[in-house]
Amino acid sequence: MVRLTREAIDHTRLTEDVRRDHCGAVVTFLGTVRDLTGDRTTLALDYEAYPDMALKKLEEIEQDTRSRWPVGDIILEHRLGHLDVGDISVAVAVSCPHRHQAFDACRHAIDRLKEFVPIWKKENWADGTTEWVHPGT
Amino acid sequence: MVRLTREAIDHTRLTEDVRRDHCGAVVTFLGTVRDLTGDRTTLALDYEAYPDMALKKLEEIEQDTRSRWPVGDIILEHRLGHLDVGDISVAVAVSCPHRHQAFDACRHAIDRLKEFVPIWKKENWADGTTEWVHPGT
Amino acid sequence: MRVLLFARARDLAGAEAIEVDLPANATVGDLRASLPKLCPRIAGLVERSAIAVNNEYAADTTLLPAAAEVALVPPVSGG
Amino acid sequence: MRVLLFARARDLAGAEAIEVDLPANATVGDLRASLPKLCPRIAGLVERSAIAVNNEYAADTTLLPAAAEVALVPPVSGG
């Protein structure tokens, strides 16, 4: 399952929802808003998506991950809107029969998400300026 | 922090307790009691520890993990006693500034735990028999 | 053809979309070449951005369908 | 010297510990060799087990301290 949400991400629910009796391993990844990026201080982030395409790409990542590992269940959820330091911006929860499968599957899913899902963040720096983050530009 | 407990493991608390503002990544691993091992059906597991040594070895794993990655915080918790299918037997939660650090640190900690922490499980098979699990014997 | 803009591209253009007139049989590459002319401020970003056609990343050689949802997708930074 | 037993070793021996008499300057290896004589049922498991001295895995060449907590540690299966 994949979701975009403007509400706080409930990692308890994600983790519980992927648990399965035939899966001995659950790995949950949370991405949270850091207070520092390099030596600059972040006050908040604003996340924006191209929603239809983002959901399509998230679904592709779910299917790709399921095709590579024996996934019991997987949930990818990304938050949009204004996030404060410490808030959860993204969560991926995966269950698999064995632990290395669950680690590899979860890492694969978040790596792909960061690679090509059309979501962007805008830094709100402590000096009052803001800046969209577009790696490589 | 490391813990042995006879109560249900509260993964929400573990995950929340390791979150830090300077850490953009949290990885939580849960080991749960599977209903099948190979083609045999498990009804329940009994976990037993050599408690003093197990705590010492868990603390060594915590320190070793902190020495290898920039860990914000890490909690290793193992449950003892009688567990039903689906129950959480072990949980490791780790926060780090970046996600690959958190994945590597969490996987390292659970791999080491399974390698040398003196804890044992007894299978309660569906056919009514029980069997201590000692890999290689 | 309407091209959706996001993030810095939207801020620079001051608009959620740009209208682009392209001949029949135009490609994604033709669209890419036309954007800096219509909106010089986004020229640098266009070079580094992908173009999505109907929610799929499209190569510059792709022919633009007659009715398609088209978007400029700057380098992503979700997660 | 008292040797703590766990898991299958405890079940096989029917006891939480075995008392072993060893000469001064005995090693972990000497202890390992004496256990199957005192409790033949655990002979096979002793071969595959570690010996812990004061909560630390000990090599067979280690001298046993006079006052130490000693345990037979069968292959672990936690997690």
Side-chain angles (χ1 to χ4, degrees), chain A residues 9-16 18-39 41-45 70 72 83-114 121, chain B residues 9-16 18-39 41-45 70 72 83-114 121:
Chain A
I9 290 178
D10 179 353
H11 61 80
T12 303
R13 180 179 46 74
L14 258 75
T15 300
E16 285 300 311
V18 300
R19 288 174 62 181
R20 294 292 180 276
D21 281 353
H22 72 285
C23 289
V26 177
V27 173
T28 300
F29 169 81
L30 306 181
T32 63
V33 179
R34 270 190 301 147
D35 55 3
L36 290 176
T37 298
D39 56 358
T41 300
T42 296
L43 295 182
L45 294 177
L83 277 71
D84 292 316
V85 169
D87 285 349
I88 301 169
S89 54
V90 63
V92 180
V94 183
S95 62
C96 285
H98 299 288
R99 74 185 184 286
H100 287 301
Q101 300 161 345
F103 275 109
D104 289 344
C106 187
R107 190 195 293 235
H108 176 80
I110 183 64
D111 283 355
R112 291 298 84 76
L113 185 154
K114 292 182 76 91
K121 66 180 170 194
Chain B
I9 290 177
D10 178 355
H11 62 81
T12 303
R13 181 179 46 74
L14 259 76
T15 300
E16 284 300 311
V18 301
R19 288 174 62 181
R20 294 291 180 277
D21 280 355
H22 71 288
C23 289
V26 177
V27 173
T28 299
F29 169 80
L30 305 182
T32 62
V33 179
R34 269 190 300 147
D35 55 4
L36 289 176
T37 298
D39 55 358
T41 300
T42 296
L43 295 182
L45 294 177
L83 277 71
D84 293 316
V85 169
D87 285 350
I88 301 169
S89 54
V90 63
V92 180
V94 184
S95 61
C96 286
H98 299 288
R99 73 185 185 285
H100 287 301
Q101 300 161 344
F103 274 110
D104 288 344
C106 187
R107 189 194 294 234
H108 176 79
I110 184 64
D111 283 354
R112 292 296 85 74
L113 185 154
K114 294 183 75 93
K121 66 181 170 193

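So you know, we letter chains A, B, ... as the sequences are listed, proteins then strands, and number each from 1.
- Checking side-chain atoms of B/Thr32 against main-chain N and O of A/Arg20 turns up no donor-acceptor pair under 3.5 Å.
- In this structure, chain A has a heavy atom under 4.5 Å from the backbone of B/Val33, while its side chain stays farther away.
- Among all heavy-atom pairs drawn from A/His11 and B/Thr12, the shortest one is CE1-O, 3.9 Å.
- Chain A forms the most heavy-atom pairs under 4.5 Å with one residue out of B/Leu36, B/Ile88, B/Val90, and that residue is B/Ile88.
- For residues 102-110 of chain B, the interface with chain A (any heavy-atom pair closer than 4.5 Å) comprises B/Phe103, B/Asp104, B/Cys106, B/Arg107, B/Ile110, sorted by residue number.
- Test A/Val92, A/Thr28, A/Val27 against B/Val27 for side chain to side chain contact (heavy atoms under 4.5 Å, CB included) and you get one pass: A/Val27.
- A/Arg99 places no side-chain N or O within donor-acceptor distance of the main-chain N or O of B/Gly31, the cut-off being under 3.5 Å.
- The shortest side-chain heavy-atom distance between B/Thr15 and A/Leu30 falls under the 4.5 Å cut-off.
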